[in-house]
K.L.:
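The structure's right below; bear with me while I get my questions together.
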Amino acid sequence: MNGIEILIDKTLAGSRLAYGENRREVAAELRSHLEDSMNEARRAGYDDEEAERFAVAHFGSPELVSRDFARIYRFERVRFYIVAFGLLIFASIVAVAVFTYLVQRMLVTNFGLQHRLWCFSAKHLASELLLVAGIIIGYFGLFFTRRLFSRGPMLKAFVVVGIMFLLAAGLLQFWIEDCEPILAEAYICAVFISVIEMRFGHWIAKFLLVAAALTAFGTLLGALDHLTSTPEIMVTALIWTTIAVSCCGVALFTSHFDRRVLSRRFAGSSV
Amino acid sequence: MYGYELIQEADRLSSQAFEFNEGTLYPALHQLERKGFLRSEWRIAETGRKRKYYSLTSKGRRQAEHEQEGWKHFTGAINLILTSAQR
């Protein structure tokens with residue numbers, strides 16, 4: 001790669017322009033400018049190497065140019081992030097909710113807990129859906145909010161997302177009965193998942209710890225809800241394990257999507 | 001005009017009074033285009049190379065006139081200050 005291409009590459013990498021027509025156009029425009037500059041230097045009697053150095057020197061700092069491009073195209077980037085993660089959140093909620101419902105149905109049938117069929121009533125399913133949606137939205141909220149702060153990001157993210165949950169609880173109480181405890185449970189679970197995801201590197205450790213933490217939490221809630229029979233407690237624990245494992249799958253997919261798809265889309269080499 | 005031509009022209013008209021990093025022109029051009037002051041199109045030059053040409057839109061022309069007025073007003077005021085300071 002020659003000096004011109006290295007300069008273009010640096011500028012585009014820092015600009016965080018998304019791959020596509022826009023990025024190719026900027027690369028072509030800068031290349032055309034640098035070639036014009038080199039031609040001018042050649043006409044002034046410079047050899048090829050000197051002409052390249054002349055063009056690069058006159059172009060100026062690629063960091064400065066890329067920072068300006070990044071600022072100008074920020075809106076496109078934010079829009080892409082919002083759409084991508086909006087779809088991801090929606091798909092995650094559907095996947096976790098359906099998976100949990102199927103496991104719950106299978107457990108209730110196989111354990112012969114016919115008296116627990118009430119848990120498939122529309123009201124109960126709505127509260128479970130709210131719990132799953134709350135956990136996932138809370139997890140994504142923490143995932144992004146912590147990036148906004150350079151000092152104490154986790155703590156600040158917990159506060160910001162906590163306030164958002166309080167506001168949501170205040171609004172939803174007009175439509176959904178008893179939504180406050182469900183949202184509180186969801187928030188605590190999202191915090192569990194985020195902390196474990198941040199603190200532990202290996203995905204097996206993450207899965208096991210999230211499963212253990214959420215199962216213990218769910219079983220404790222069940223005990224507080226006066227569940228006494230062993231099969232009932234087991235079913236509750238297994239449902240919470242299902243939610244934990246599927247949410248962990250979402251977390252794993254999200255970090256993979258962030259590192260492999262988004263980071264590559266907005267940075268890296270030129271065209 | 002294309003980017004490099006704009007720099008050459010500014011250099012010529014100002015008798016090379018300004019020295020700036022040429023690369024910083026392009027984000028500025030893109031910003032003006034996004035604001036609707038400029039339009040651009042890719043054309044093939046006589047040399048066979050593709051170049052991006054910029055031209056003022058009517059909105060850009062109005063804005064340029066407005067900025068020119070502002071600049072005249074500003075330099076006029078500075079001149080008045082300098083002239084009275086010299087007396």
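Naming: A, B, ... by sequence-line order, numbering from 1 per chain. As the structure is a computational prediction, the values presented were derived from the model and not from experiment.
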K.L.:
Heavy-atom pairs under 4.5 Å with chain B are the metric here; pick the option from A/His58, A/Arg71, A/Arg67 that has the most.
P.N.:
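That would be A/His58.
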
K.L.:
Specify the closest pair of heavy atoms between B/Asn21 and A/Leu64, including all atoms of both residues, with the distance to one decimal.
P.N.:
ND2-CD2, 4.1 Å

K.L.:
Given that the side chain runs from C-beta out, which part of A/Asn39 has a heavy atom under 4.5 Å from chain B: side chain, backbone, both or neither?
P.N.:
side chain

K.L.:
Does a side-chain heavy-atom distance below 4.5 Å link B/Tyr4 with A/Glu35?
P.N.:
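Side-chain contact under 4.5 Å: no.
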
K.L.:
What are the two closest non-hydrogen atoms of B/Arg49 and A/Ser32, and how far apart are they?
P.N.:
NH2-O, 3.0 Å

K.L.:
Just checking heavy atoms, which of residues 7-17 of chain B are less than 4.5 Å from chain A?
P.N.:
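So the qualifying residues are B/Ile7, B/Gln8.
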
K.L.:
Has A/Met164 got more than 12 heavy atoms of other residues, nucleotides or ligands less than 6.0 Å from its CE?
P.N.:
no

K.L.:
For A/Leu30 and B/Tyr26, run side chain to side chain contact (heavy atoms under 4.5 Å, CB included): C-alpha distance rounded to whole Å, both residues' side-chain angles, the deciding distance at 0.1 Å, then the answer.
P.N.:
CA-CA 8 Å; A/Leu30 298 182; B/Tyr26 293 94; 3.9 Å; yes

K.L.:
Closest approach of B/Trp42 and A/Ala28, non-hydrogen atoms and distance?
P.N.:
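In terms of heavy atoms, the two residues are closest at CH2-CB, 3.7 Å.
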
K.L.:
How about A/Arg199: does its CZ atom have over 12 heavy atoms from other parts shown lying under 6.0 Å from it?
P.N.:
no

K.L.:
Is the number of heavy atoms from other residues, nucleotides or ligands under 6.0 Å of A/Lys156 NZ greater than 12?
P.N.:
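Counting other residues, nucleotides and ligands, NZ of A/Lys156 exceeds 12 neighbours.
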
K.L.:
Should A/Asp68 and B/His30 be marked as a side chain to side chain contact (heavy atoms under 4.5 Å, CB included) after you check the CA-CA gap, both sets of side-chain angles, and the distance that decides it?
P.N.:
CA-CA 10 Å; A/Asp68 285 350; B/His30 283 234; over 6 Å; no

K.L.:
Taking side chain as everything from C-beta outward and backbone as N, CA, C, O, which of these in A/Thr11 sits under 4.5 Å from a heavy atom of chain B? Side chain, backbone, both or neither.
P.N.:
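A/Thr11 has no heavy atom closer than 4.5 Å to chain B.
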
K.L.:
Of all the residues in residues 51-79 of chain B, which have a heavy atom that comes within less than 4.5 Å of a heavy atom in chain A?
P.N.:
B/Arg51, B/Lys52, B/Tyr54

K.L.:
Give the minimum heavy-atom separation between B/Tyr2 and A/Asp36, together with the two atoms involved.
P.N.:
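Closest approach of B/Tyr2 to A/Asp36: CE1-OD2, 3.5 Å.
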
K.L.:
Please determine whether the number of non-hydrogen atoms from other residues, nucleotides or ligands lying under 6.0 Å from atom CZ of A/Phe90 exceeds 12.
P.N.:
no

